[in-house]
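Take this structure, written in C-alpha cells, and hold onto it; I'll ask about it next.
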Amino acid sequence: LVTGVQTCALPIYVVPLAVALVTRDRAARRWGIAGYAAAVASRALVARRTGEPVGDSLLMPASAAAFATLTGASLVRRRRGRLQWKGRTV
C-alpha cells in the first residue's frame, strides 16, 4: 500500500516541479509549472476543507519526496535485516 501511494504521489507532486526547475524547453517548463500548480491547488482545497493551513500545500512536493526517501530507506533496511525500532530489530 505504501509503495502504491508513492507511485502516485511522486509523479503528481515531485515530477512536475522537477521538470519545471531543470528543463530548458519552454513548453515542458510550462507543463511542469501547470502540473505543480494543479497538484498544489488540489492539496490546498483539501487543506481548506479540513481546516489545515493552506500555505503548507506549497511544500507538498518536498513532503512527498521525503516520504518516498524514508520509505525507500526503510525497505532497504528491512530487506537487509537491519531495520530497527527503539533499538530492537523489526
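This one's a predicted model, so the numbers in the text were calculated from it and none came from an experiment.
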List, one per line, each side-chain donor-acceptor pair under 3.5 Å for residues 57-64, sequence neighbours excluded.
unit_1: Ser57; atom_1: OG; unit_2: Ala44; atom_2: N; d: 3.3
unit_1: Ser57; atom_1: OG; unit_2: Val54; atom_2: O; d: 2.9

(request) Apply the side-chain contact (heavy atoms from CB on, under 4.5 Å) test between Val76 and each candidate in Arg78, Arg79, Arg80; give the one that qualifies. (result) Arg80
(request) Can you measure from CD1 (Ile12) to OH (Tyr36) and round to the nearest 0.5 angstrom? (result) 15.0 Å
(message) Test: salt bridge (Lys or Arg N to Asp or Glu O under 4.0 Å). Region: residues 22-50. Which pairs qualify, not counting sequence neighbours?
(response) Arg43-Glu52
(request) Say whether, by atom type as modelled, one donor and one acceptor occur between the side chain of Thr50 and the main chain of Val46 under 3.5 angstrom. (result) yes
(request) Write down the atom of Pro11, the atom of Pro16, and the distance for their closest heavy-atom approach. (result)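 Result for this residue pair: O-CD, 3.1 Å.
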(request) List, by chain and then residue number, the residues other than Val19 in its hydrophobic cluster (Ile/Leu/Val/Met/Phe/Trp/Tyr, side-chain heavy atoms under 4.5 Å); write none if there are no others. (result)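 Reading the cluster by chain and number, Val19 sits alongside Val15.
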(message) Please say yes or no: joined through hydrophobic side-chain contacts below 4.5 Å, possibly via intermediate residues, are Leu17 and Val40 part of one cluster?
(response) yes
Identify all side-chain donor-acceptor contacts of residues 82-90 below 3.5 Å with residues at least two apart in sequence or on another chain.
none

(request) Please collect all salt bridge (Lys or Arg N to Asp or Glu O under 4.0 Å) contacts where either partner lies in residues 63-75, sequence neighbours excluded, each pair once. (result) none
(message) Using a 3.5 Å distance criterion without hydrogens, assess whether the side chain of Ser42 forms a donor-acceptor pair with backbone atoms of Ala39.
(response) yes
